[in-house]
Every structure is written in structure tokens, then in C-alpha cells.
Protein chains: 2
Amino acid sequence: MKEEKLLRKILEDNHLRITKTRLFIFNLLQNNEPQSIAELVDRSTTKVDRVSVYRILDLYEKLGIIKRINIGWKYKLELSDIFLDHHHHISCIGCGHMVAIKEEEELEDLIDNLGKAAEFVLTSHQLELQGYCAKCQKRQKKQSAQPLRAI
Amino acid sequence: MKEEKLLRKILEDNHLRITKTRLFIFNLLQNNEPQSIAELVDRSTTKVDRVSVYRILDLYEKLGIIKRINIGWKYKLELSDIFLDHHHHISCIGCGHMVAIKEEEELEDLIDNLGKAAEFVLTSHQLELQGYCAKCQKRQKKQSAQPLRAI
DNA sequence: AATGTATTGCAATTTTGTTGCAATAATATA
DNA sequence: TATATTATTGCAACAAAATTGCAATACATT
């Protein structure tokens, strides 16, 4: 429960109250894959009002507790790097399956340099990869070849 | 007008009609910085109905003509790599200013390897950096120091 | 130019996100 | 530990964003 302790500290430091709803939402974030707001609202019903979910997510974002990550056209929310180790994502267009890519020094260094070159002081970055996972590649081969840009 | 030719070819290849509205929206995408859907809808009024803007953007996404890029909690749309040279973005939290980062072989290679390591066949990726631009850094120094997690 | 059909615009609807305010719950303090 | 203070929540109403069905229109084919 190290994470909840940190959450409590952040709230305290900002003179914000440690409430059941705030802990509940934090719990949802902690015990699930990255979720959309709709999913979070869904998982909260009966426990927490829609409005409060939105308000708590806004607050958590301002406090740097959560961040948005992109999956194609949509985005999902996950705990930020102070709770989870810094990482990136790769997601399968075929089945939606998503895996975390653990931190790579070489990549992070390169990103730092991009910031320096642009004379920026970097505060954050996201890298998202998309493609077909091993399973979906096999499945595709079995079926007839797909057109490049089918709709 | 090389780009419009490619657009026409993609539509033709998919047995879709080349219409004034589709060309109009493409034109908006081509002649502006990355835009939000709201901005595109705004710039279309009187010419194109809101609904059609949504439908055309959906279509363009399916066809791989446009892609979403993230700016903090929001996203914007821009033409995809078949129209624009592949690049990434760095945006300033202070003033919202955004600059393109031109392709870097080393970075792209590294990303390819991440895909291979996960046994994925990659189709696309996005890298977004955030921070403070040179101007905003100076402005901040003048003002008193900011707390790390102010709300 | 006429025909068939995809595309568009309109109206209505659903979904998503926001606001004000009274009721409630968390903290400070006595 | 009870009470007072005030942040937080839920409710209702609202506003904005996105979607749907269908008739009117415009594009492509002959």
C-alpha cells in the first residue's frame, strides 16, 4: 500500500481532503489496465456519481497523479510515473491487446537531446507504437491477404 | 497540388466519390497547423455541415489520410505521413506553441527495435514531448519560483 | 443527358462533460 | 470526543460534442 500512502501525502500537502471517493477512484486506477473515462464512470456507478468521477480525474491530472495515453483515436488514463515506473506502450490494431514497454536508457537519452536541440526544458513525453501482435500476424496469414487500406 | 492527386487516387482506389466537401476538408487539413475537430467544424460552417465534417474525418482516418496527435489532454488532427514527412512534436505547456521535430534515423531505428522485441509488426507510432520553450523559461525566471505541484 | 447510387444536410437523439447549489462528510479545534 | 468549519459530494439542470435515420442532392457511369 506504498502507493496509497503517496497519494495521501500529495493530497495532504495540497490541503485537500482524503475522502472515500478519492480513494475509490485511485483504487480503480491502480487495479486495472489503462481505462477510458467511460470505463471509470461505469466501474464507479452506485459508488460514485459521474460528476465526481470527472472532478476527481481533473484534480488528479492537475496534481500529476494520472496521465493520458493514446490508443489509436482514443485515450485512456493511467497512474503517472510517480506511481508506475516510466514506460511506453505498444498496442495491437487487430485485437486491441496492449503491452507496456519498459524504460530504455538509450531512448530516453535521445528524447532528452531532442528537447535540448529545441531549447525546451522537458517535463514529460509519450511514445505510443501500433501494429500487429504475433497472434494477429498468424491469424492474418491464414486468411486471404488483406488490402492495404480497406474500409 | 501533388497531395490532392494522391487523395483523389486513394478515394478512387476505394470506389469512393471525389466530392467538393471532401476536397474542402482536405484543403483545411493541408493549409493549417494541426487542428482540433472543433476548429475544423468552425472553419467549415457555411460550407459544410457539422455532421459531414465528422463523417469525412472518420473516413479519412480509416483511409490513413489523417492521424491524431496529442497536446496534453487534448488532441489535434493532421495529415498522415503519406502527405507530410514523418515527424514528431514538441509543445510548450506555457504558451501552447508547438514545433515539429524532423525525422531522426537513430530514433526511428530504436523504435523499430522495440517493435521487433515485442514481436510486433509496426504500422505507426507517435512521440510527443512537452515542456517549456525558451521564451517561457525566461518569463518564469522573472516571476517568483513556482511550486512543483500547485493547483 | 439520364440513371443509379453514394454522399450530404437536416432534424432529432444520444452521449459526454459542466455548473450551481444544497446535503454530507472530513478535518481542525476546543 | 463532541462540535464547528469548510471542502467535497450528489443531484438536477444544462451545455457541448458526437451519432443516427432519412430525404434531398451531387457524383459517376452509361
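Numbered from 1 within each chain, the chains take letters A, B, ... in sequence-line order. Computed over heavy atoms, backbone and side chain alike; hydrogens, waters and symmetry mates excluded.
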(request) Identify which one of B:V41, B:T46, B:V48 satisfies the side-chain contact (heavy atoms from CB on, under 4.5 Å) criterion when paired with B:S44. (result) B:V48

Selected nucleotide, minimal atom distance to [X] side chain, candidates [options]:
| X | options | value |
| --- | --- | --- |
| B:T21 | C:dT8, C:dG17, D:dT9 | C:dT8 |
| A:I56 | C:dT5, C:dC10, D:dT9 | D:dT9 |
| B:R17 | C:dT8, C:dG4, C:dA11 | C:dG4 |
| B:I18 | D:dA28, C:dA26, D:dT20 | D:dA28 |
| A:Y54 | C:dT16, D:dA18, C:dA26 | C:dT16 |
| B:T19 | C:dA11, C:dT18, C:dT8 | C:dT8 |
| B:V48 | D:dC11, D:dA7, C:dG9 | C:dG9 |

(request) Dump the intermediate steps for salt bridge (Lys or Arg N to Asp or Glu O under 4.0 Å) on B:R8 and B:E12, then the final yes or no. (result) CA-CA 6 Å; B:R8 283 169 183 273; B:E12 247 170 46; over 6 Å; no

(message) Quick one: does any side-chain atom of B:R22 pair with a main-chain N or O of B:I56 as donor and acceptor, under 3.5 Å?
(response)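 Side chain of B:R22 to backbone of B:I56: no pair is present.
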
May I have the distance from [X] (atom [atom1]) to [N] (atom [atom2]), rounded to whole angstrom?
| X | N | atom1 | atom2 | answer |
| --- | --- | --- | --- | --- |
| A:F24 | D:dT9 | CZ | P | 13 Å |
| A:L23 | D:dT8 | CG | P | 13 Å |
| A:D49 | C:dC21 | CG | P | 18 Å |
| A:K47 | D:dT9 | NZ | C1' | 15 Å |
| B:K62 | C:dT7 | NZ | P | 12 Å |
| A:K20 | D:dT8 | NZ | C1' | 13 Å |
| A:D58 | C:dT16 | CG | P | 16 Å |
| B:E39 | D:dA18 | CD | P | 13 Å |

(message) Return whichever of A:R55 or A:V41 has its heavy-atom-nearest nucleotide of DNA chain C closer to the 5' end.
(response) A:V41

(message) For A:D109, is the CG atom crowded, meaning more than 12 foreign heavy atoms sit under 6.0 Å from it?
(response)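 For A:D109, atom CG is crowded (more than 12 foreign heavy atoms under 6.0 Å).
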
(request) Scan B:R50 against the nucleic acid and name what it touches under 4.0 Å (heavy atoms): base, sugar-phosphate only, or nothing. (result) base

(message) Tell me whether B:K116 is salt-bridged to B:D112, with the criterion being a basic N under 4.0 Å from an acidic carboxylate O.
(response)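 Answer for the salt bridge query: no.
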
